[in-house]
Amino acid sequence: TQYHGIGHWNLRRDLGRFHHKAQGWGTVGGLQLNYNFWCDWFFGLSGTYSFYRTKNGLDHTPVWGEGLSVTRLNPV
């Protein structure tokens, strides 16, 4: 799995648009139950589960007046 995040800092005007990149893995699962209670009428329940984990990555943020800041992202 590859994680790519792009966003804008709202609280600081000196920071521009940031980019995150990291490698990782994930698991996705789901379950659905349906019950036919009358002719073509069904009642259903469904649920999904997702879990993702990344290794250390990099954060690229332009800082106005200082250039590009590259810092390490912690694993999440």
Side-chain angles (χ1 to χ4, degrees):
T1 302
Q2 291 187 351
Y3 161 72
H4 297 275
I6 298 173
H8 295 275
W9 290 101
N10 293 351
L11 302 176
R12 292 184 55 184
R13 293 180 183 253
D14 62 331
L15 298 177
R17 184 170 149 177
F18 64 84
H19 298 267
H20 291 167
K21 291 184 182 180
Q23 296 286 326
W25 57 273
T27 303
V28 178
L31 177 66
Q32 183 173 359
L33 301 170
N34 290 317
Y35 176 70
N36 182 359
F37 64 89
W38 186 67
C39 294
D40 291 330
W41 288 81
F42 289 88
F43 176 76
L45 294 173
S46 65
T48 58
Y49 170 79
S50 299
F51 177 81
Y52 299 99
R53 191 88 159 144
T54 67
K55 300 177 188 175
N56 294 342
L58 294 176
D59 168 64
H60 300 263
T61 303
V63 180
W64 304 117
E66 296 181 24
L68 184 65
S69 168
V70 179
T71 56
R72 187 185 78 127
L73 288 174
N74 293 327
V76 293

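Just so you know, these numbers use all the heavy atoms, side chains as well, and skip hydrogens, waters and symmetry mates. In this text the structure is predicted, and so the values were computed from the model without any measurement.
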Kindly work out whether a path of hydrophobic side-chain contacts (I/L/V/M/F/W/Y, heavy atoms less than 4.5 Å apart) joins Phe51 to Leu31. no

Taking ILVMFWY side chains as joined if any heavy atoms are under 4.5 angstrom apart, and letting links pass through other members, which residues group with Trp41? Tyr35, Phe37, Trp38, Phe43, Leu45

Under the ring pair (Phe, Tyr, Trp, His ring centres under 6.0 Å) rule, collect the residues that match up with Phe42, sequence neighbours excluded. none

Interatomic distance, OH@Tyr52 vs OG1@Thr27, rounded to 0.5 Å, equals 8.5 Å

